[in-house]
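All ligand and atom numbering here is 1-based and tracks the order in the structure. Treat the numbers as computed from the prediction; the structure is a model and nothing was measured. Just so you know, these numbers use all the heavy atoms, side chains as well, and skip hydrogens, waters and symmetry mates.
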Amino acid sequence: MTTIAFIGLGNMGGPMAANLVGAGYTVNVYDLVPDVVATLAQRGARAASSPQDAVRGADVAITMLPAGKHVSGLYLGEDGTGGLLQALDDHCLVLDCSTIDGETVQRLASACTERGLDMLDAPVSGGVAAAQKGTLTFMCGGTEEAYRRAESILCAMGKNIFLAGGHGAGQVTKMCNNMLLAIQMIGTSEALQMGANSGLDPKVLSEIMLKSSGRNWALELYNPFPGVMDSPASRNYTPGFMVDLMSKDLGLATANARATGSKIPLGEQAEALYRKKQQQGDGRKDFSSILELLSD
Ligand code: NAD
């Protein structure tokens with residue numbers, strides 16, 4: 001029987017851990033917030049009293065934390081030494097599903113290699129609804145062998161599982177995807193708002209563009225104009241996927257572009273627009289609320 005330690009039971013981690021329990025795994029759960037640990041325990045997980053307690057005897061350690069500093073603080077320790085990695089069993093597979101920066105992934109991967117542990121970066125796409133339904137997309141970076149070990153566990157939480165390349169490739173894939181998503185969302189918002197300003201019904205305009213060459217994911221499944229479909233826009237931009245998280249992801253993308261000499265003028269513009277939305281105090285709104293910048 002595989003035992004999994006799951007650390008970070010927030011909007012995403014909570015339902016992901018619940019799906020692992022539902023699939024029959026023994027799941028030791030830990031979070032800084034005791035209430036979310038208790039909720040998972042009611043659903044059949046084992047409540048751990050500390051990260052060290054969670055990983056005791058675990059075959060796999062999964063983390064779903066806000067950002068790179070939380071991941072490195074946990075595994076490597078605040079000063080870069082003596083974190084949770086030291087407490088893992090020798091055969092334990094490390095699966096970090098958080099969205100984090102490339103530098104932290106490389107530091108964690110090197111520390112795992114030194115310690116003789118397999119590790120995958122395995123960020124996700126799909127949001128809270130997909131986490132609940134177990135239909136996430138996982139974008140993995142690491143060795144083929146680690147990927148094979150992780151596959152059945154990831155399948156209990158997701159529908160589409162990919163190995164993108166070596167360590168860090170999962171995070172780069174996630175950055176590329178979310179930069180494209182942000183650009184699509186802004187472009188879709190511009191088209192819909194200009195249509196509305198010109199007297200068109202955004203619902204009719206959306207229907208026509210969906211059968212034309214402007215068709216895209218944001219228009220089809222996540223329309224940013226209120227009242228067009230059952231999307232966050234029609235619920236006062238309740239997330240969904242927050243402006244704060246999209247800004248974080250665009251920050252990771254622009255940092256990666258600088259590091260790799262990539263030219264991303266639209267990605268930079270997208271980051272500037274999302275940062276502006278944050279500065280307006282809208283960080284916790286859904287990211288489709290970027291349309292409000294155009295309609296104000
Ligand atoms: P969240 O803030 O809801 O949850 C994070 C959890 O981690 C919290 O419960 C917090 O208490 C816990 N935590 C923080 N530091 C900890 C520590 N040292 N030990 C134990 N627990 C700790 O965030 P979320 O929305 O679940 O997102 C998690 C990750 O998934 C982020 O990296 C995010 O970018 C990514 N992501 C989120 C979405 C989304 O739609 N929310 C979609 C895809 C990817």
For atom 30 (O) of ligand 1, find the nearest protein heavy atom and state the residue, atom name and distance (0.1 Å precision).
-> Met64 CE, 3.1 Å
What atoms of ligand 1 come closer than 4.0 angstrom to any heavy atom of Val124?
-> 43 (C), 44 (C)
Mind checking whether Met12 has an N or O less than 3.5 Å away from an N or O of ligand 1?
-> yes
Just need the protein heavy atom nearest to atom 25 (O) of ligand 1, so name the residue and atom and give the distance.
-> Asn11 CB, 3.7 Å
Based purely on interatomic distance, does Ser125 place a nitrogen or oxygen under 3.5 Å from a nitrogen or oxygen of ligand 1?
-> no
Please assess Glu271 against Thr254 for the test side-chain hydrogen bond (donor to acceptor under 3.5 Å, both in side chains), listing each intermediate value before the final yes or no.
-> CA-CA 8 Å; Glu271 185 187 8; Thr254 50; 2.9 Å; yes
Where Pro232 and Thr238 come nearest, the two heavy atoms and their spacing = CB-O, 3.4 Å
Of the listed options Asp96, Leu245, Leu32, closest to atom 15 (N) of ligand 1 (non-hydrogen atoms) = Leu32
Of the backbone atoms (N, CA, C, O) and the side-chain heavy atoms from C-beta on, which set of Ile7 has a member under 4.0 Å from an atom of ligand 1: side chain, backbone, both, or neither?
-> side chain
Return the residue, atom name and 0.1 Å-rounded distance of the protein heavy atom closest to atom 31 (C) of ligand 1.
-> Leu65 O, 3.3 Å
Under 4.0 Å, heavy atoms only, figure out whether ligand 1 is touched by the backbone of Asp31, its side chain, both or neither.
-> both
For ligand 1, the portion of Lys174 having any non-hydrogen atom under 4.0 Å away = side chain
Atoms of ligand 1 under 4.0 Å from any heavy atom of Gly8, numbered from 1 in the order shown, are 7 (O)
Give yes if a backbone or side-chain nitrogen or oxygen of His70 is under 3.5 Å from a nitrogen or oxygen of ligand 1, and no if not.
-> no
Heavy atoms of other groups near Asn197 CG, more than 12 under 6.0 Å = yes
Heavy-atom contacts with Val33 under 4.0 Å: which atoms of ligand 1 show up? List them by number with element.
-> 11 (O)
Aromatic ring proximity, centroids under 6.0 angstrom, Phe287 and Tyr222 = yes
Residue Arg235 excluded, over 12 heavy atoms near CZ under 6.0 Å | yes
Any protein heavy atom lying closer than 4.0 Å to atom 23 (O) of ligand 1?
-> no
Short list, please: which atoms of ligand 1 are under 4.0 Å from a heavy atom of Phe241?
-> 39 (C), 40 (O)
Without hydrogens or angle criteria, can the side chains of Ser289 and Asp286 be said to hold a donor-acceptor pair below 3.5 Å?
-> no
From Asn28 CG over to Ser49 OG, what is the distance, rounded to the nearest 0.5 angstrom?
-> 10.5 Å
Note the single closest protein heavy atom to atom 4 (O) of ligand 1, along with its residue, its atom name and the distance in Å.
-> Gly10 CA, 3.2 Å
Roughly how far, to the nearest 0.5 Å, is the CD atom of Glu103 from the CG atom of Leu108?
-> 12.0 Å
Interatomic distance, Ser262 atom OG to Met175 atom CE [nearest 0.5 angstrom] = 11.0 Å
side-chain contact (heavy atoms from CB on, under 4.5 Å) with Met242: of Gln278, Arg284, Lys248, only one passes, and it is Arg284
Please write down residue, atom name and distance for the protein heavy atom closest to atom 2 (O) of ligand 1.
-> Pro66 CG, 4.4 Å
Does Asn223 reach the main-chain N or O of Phe225 with its side chain, forming a donor-acceptor pair under 3.5 Å?
-> yes
dist Ile62:CD1 -> Met157:CE (nearest 0.5 Å) comes out at 4.0 Å
Does at least one non-hydrogen atom of Lys248 fall below 4.0 angstrom from an atom of ligand 1?
-> yes
What's the shortest distance from atom 35 (C) of ligand 1 to any protein heavy atom, and which residue and atom give it?
-> Thr99 OG1, 3.6 Å
